[in-house]
**Q** 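Take a look at the following structure, please.
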Amino acid sequence: MKVSLFATCLSDAFYPRVTEAMARLLARYGIRLDFPSAQTCCGQPAFNSGYWDEAKGAALQLIDAFADSDFVIAPSGSCIGMIHHHYPSLFKDDPAGLAKARALAEKSYEFTQFLVNVLDVKDVGAKFPHRVTYHPSCHGARLLGVKDEPLELLQHVHGLELLPLPFAEDCCGFGGTFSIKLSEVSAAMVTEKAEHVIDTQAEVLVGLDMGCLMNIGGRLRHQGTSIRVMHLAELLYEGVCRADGRI
Amino acid sequence: MGGFNPAVKLEERIRQALNDEFLRNAVKFTTGRLRSSKQQAAEQMGNWEEWRERGRQIRLHTIAHLDYYLNQFVQNLREAGGYVHFASTAQEAVEIAMQIMEEKQAKSVVKSKSMVSEELHLNDAMAAKGIEPVETDLGEYIIQLAGETPSHILAPAIHKNRQQIADLFSEIGGEKLPADTAVLAGFARSQLREKFLQADIGMTGCNFAIAESGSFVLFSNEGNARMCSTVPRTQITLMGMERIIPSWEDLEVMAAILPRAATGQKLTVYMSAINGPKRAADGDGPDELHVIILDNGRSQQLGDPEFQEVLNCIRCGACLNACPVYRHIGGHAYGWVYSGPIGAVLTPLLNEDQDQWGEVANASSLCGACYEACPVKIPLHDMLVYLRRRNVEAGRTDATERLGMKTYKVAVSSQRFYQLALKLGQFGQKPLARNGEITAKVGPLEAWNRLRVAPALAKKSFRDSWKELDMELQHELVELKPETKARMEAILRKRGNSHEN
Ligand code: SF4
């Protein structure tokens with residue numbers, strides 16, 4: 001059985017610690033992982049901006065990279081959502097491409113989906129004695145339907161106090177190229193999101209997508225707050241190390 | 001920011017809206033309220049998802065057989081003595097309406113809420129002929145006084161707060177009115193009562209037209225639609241050609257989901273069904289009833305697999321209330337009659353000039369809140385992407401962006417170029433990056449860094465650290481639990497089977 005890591009370009013290039021935490025966590029369950037280095041990006045920046053030919057370039061590269069994998073796991077609901085929800089329309093006029101795209105979709109999982117639904121793990125045995133708030137990213141929650149899995153994982157972390165985020169389901173305003181094209185609305189959106197995060201008095205903001213976390217975290221940093229911004233994989237892995245007495 | 005000014009681009013319209021503190025607070029307040037009422041109503045009703053699916057199926061079926069049901073509706077209404085007119089463009093519809101008004105030598109027309117009337121800019125055409133249009137829906141009345149256009153398909157004056165409305169009414173009434181809802185509504189009522197009695201024509205929109213009986217149904221919360229359709233001798237009703245449903249039974253579903261999605265009400269306060277002009281035995285109703293059925297770009301969506309579903313819209317406004325972009329900019333920034341996510345889709349679809357309107361499809365972060373809110377499950381977030389693709393295909397995007405995307409394609413279509421791009425980036429950012437962050441407002445980071453801090457590329461990418469990590473993990477690897485292994489194998493088998501079938 002070949003279980004492959006899809007780092008996603010964002011975590012590969014900017015946040016390697018996130019993919020690393022995910023890999024270390026999965027390894028604890030005896031999952032032997034591989035990393036096909038032909039992988040690049042899911043194509044979403046181009047797709048969402050209407051550049052489908054360019055998006056196809058990325059999609060084909062990804063499909064090829066994971067051709068022999070049995071399971072593909074990524075620390076992003078957005079990239080996995082792209083594969084599940086949008087690859088079929090990208091290849092709608094290309095039956096061969098469509099079949100391959102469907103095959104990739106079938107084996108692709110967002111990290112918490114894989115952990116909870118495939119490995120059947122809800123309690124990773126982590127200890128994280130902090131006040132935490134959770135931002136459910138739009139694509140993971142709405143396109144992919146990942147809603148309960150992260151909450152289940154968080155609820156089982158020892159010492160963690162989960163604080164409800166007001167207007168949690170509102171988009172943070174990232175939206176990929178949206179944040180550059182219509183930067184002022186995007187800025188208004190992230191400003192409000194950051195205010196809501198601050199209002200919870202949480203010490204840590206956790207999420208499942210580095211795009212959104214980069215956006216909200218970037219705003220929080222700009223405001224000079226000390227709120228830590230973490231991917232759930234990082235939080236869980238750090239919690240496991242703490243429980244093991246390694247930190 | 002009253003109406004639409006074609007010289008102002010989307011970005012600038014958005015900037016104006018963002019700078020309007022009154023507007024932003026008013027829109028946030030009301031959409032927030034509508035949203036939570038909707039959520040409560042859906043929860044109380046139970047099985048909301050099934051109701052949505054039912055609503056969707058009804059709309060899908062109707063639109064797939066629109067010619068049939070439209071014909072049935074028209075035949076039945078004609079048999080009942082109504083006059084039916086078809087207008088393929090907005091201009092045609094205006095001409096038809098104006099002709100009826102002139103024939104009746106109308107001096108004043110009382111109107112209940114109609115987005116089609118807004119789409120036609122009918123009030124301007126009437127005013128040009130010296131006919132007084134009187135908006136009788138409270139929200140429409142407010143924006144008519146203010147000389148503006150609606151900024152929400154259901155709550156046209158959502159961008160105004162109570163104080164602004166009190167000031168507006170005080171000016172008209174010549175006395176200082178308090179910012180109290182009851183007083184303000186009472187003032188409007190007293191102003192409008194006379195108008196109803198004097199009007200030569202009553203004009204209405206249409207929520208649903210029922211094919212099996214040739215009737216149409218108006219939803220309202222103020223009772224003004226009922227007044228418009230009973231007091232004046234002549235009635236003109238405007239409807240988009242997609243407003244049809246097959247039967248009264250279908251109306252039951254629509255009457256259950258529309259008000260709940262729109263405002264969280266279990267039922268609309270007034271629901272009037274009109275079966276034709278006044279019959280001998282009727283106590284009230286118009287002597288003459290005209291229905292103008294508008295196409296204006298709608299039929300072009302029929303048969304288009306990407307856009308046909310936009311005709312399923314029942315104009316409830318739920319997608320506007322759910323939209324985080326709308327929440328910050330309100331409706332006028334979208335530039336045309338329809339706003340919010342449905343407006344961002346309809347505006348490019350129903351207007352011909354794409355150089356002008358194509359960009360409206362960009363006014364979304366594609367978060368999908370609109371789809372989730374929509375009681376008939378229209379995939380607006382997908383349609384927005386299709387519209388953007390049209391812009392790209394027609395060469396309507398800017399040269400820098402096109403170049404950027406070309407470069408992107410090269411970088412992501414090959415491992416070698418991707419790794420090269422990473423290396424170049426890591427090297428190029430050196431003078432800017434500090435502690436893993438970039439704060440300088442340069443190049444593409446200019447807008448981003450005005451309010452945020454950007455991350456720097458990691459010194460070592462994941463791919464560059466994989467080999468080491470892999471060795472470490474292999475070293476520590478525990479045994480896969482047999483039950484986990486069995487579960488994974490079962491998943492693989494299931495996949496294999498589904499392929500063979
Ligand atoms: S698109 Fe859906 S949510 Fe939006 S107005 Fe139409 S029916 Fe309502």
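Residue numbers start from 1 in every chain, and the chains themselves are labelled A, B, ... in the order their sequence lines are given, proteins ahead of strands.
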**Q** Identify which part of A:M189 has an atom lying under 4.5 Å from any heavy atom of chain B, answering side chain, backbone, both or neither.
**A** both
**Q** Could you look at A:K107 and say if it's the side chain, the backbone, both or neither that has a heavy atom under 4.5 Å from chain B?
**A**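 For A:K107, heavy atoms of backbone and side chain both lie under 4.5 Å from chain B.
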**Q** Do the side chain of B:R463 and the main chain of A:S37 share a donor and acceptor less than 3.5 angstrom apart?
**A** yes
**Q** Do you know which of B:E479, B:E11, B:R15 has the most heavy-atom pairs under 4.5 Å to chain A?
**A** B:R15
**Q** Under a 4.5 Å heavy-atom cut-off, does chain B meet the side chain of A:L60, its backbone, both or neither?
**A**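 Neither the backbone nor the side chain of A:L60 comes within 4.5 Å of chain B.
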**Q** Considering only heavy atoms and a distance below 4.5 Å, find which of B:L366, B:T484, B:L384 pairs most often with chain A.
**A**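 It is B:L366.
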**Q** Between B:E476 and A:R32, is there a side-chain N and carboxylate O pair less than 4.0 Å apart?
**A**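 Between A:R32 and B:E476 there is no salt bridge, as every charged N stays at least 4.0 Å from the carboxylate O atoms.
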**Q** For chain A, which candidate among B:S365, B:S364, B:A454 shows the most heavy-atom pairs at distances under 4.5 Å?
**A**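 Result: the option with the highest number of such pairs is B:S365.
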**Q** Hey, does the side chain of A:D170 reach the backbone of B:P324 with a donor-acceptor pair shorter than 3.5 angstrom?
**A** no
**Q** Check this for me, if you would: do B:R327 and A:E192 make a salt bridge, where the nitrogen-to-carboxylate-oxygen distance has to be below 4.0 angstrom?
**A**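 Salt bridge present between B:R327 and A:E192.
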**Q** Side chain, backbone, both or neither: which part of B:E437 has a heavy atom under 4.5 Å from chain A?
**A**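 Just the side chain, heavy atoms under 4.5 Å.
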**Q** Which one wins on heavy-atom pair count under 4.5 Å against chain A: B:S465, B:G32, B:S413?
**A**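 Among B:S465, B:G32, B:S413, the one with the most close pairs to chain A is B:S413.
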**Q** Less than 4.5 Å to any heavy atom of chain A: does that hold for the side chain of B:R390, its backbone, both, or neither?
**A**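 For B:R390, there is no contact with chain A at all, as no heavy atom is under 4.5 Å.
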**Q** Does the gap between the ring centers of A:H139 and B:H381 come in under 6.0 Å?
**A**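 Centroid distance A:H139-B:H381: not below 6.0 Å, so no.
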**Q** Give me the ring orientation class for B:W466 and A:F35: parallel if the planes are under 30° apart, tilted from 30 to 60°, perpendicular past 60°.
**A** tilted
**Q** A:F71 ring centre to B:R495 NZ or CZ under 6.0 Å, with the angle to the axis within 45°?
**A**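 B:R495 over A:F71 ring: yes.
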**Q** Specify which of B:P455, B:G404, B:C323 makes the most heavy-atom pairs with chain A at under 4.5 Å.
**A** B:P455
**Q** Between A:F47 and B:R388, is there a side-chain heavy-atom distance shorter than 4.5 Å?
**A**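 SC-SC contact between B:R388 and A:F47 ruled out.
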**Q** Flag the one option from B:D470, B:L469, B:L422 with the top tally of heavy-atom pairs under 4.5 Å to chain A.
**A** B:L469
**Q** Check B:K406, B:E393, B:E401 against A:Y51 for a side-chain hydrogen bond (donor to acceptor under 3.5 Å, both in side chains) and give me the one that passes.
**A**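 The option that passes is B:E401.
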**Q** So does B:C367 get a backbone contact from the side chain of A:R142, meaning a donor-acceptor N/O pair under 3.5 Å?
**A**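 Checked: pair present.
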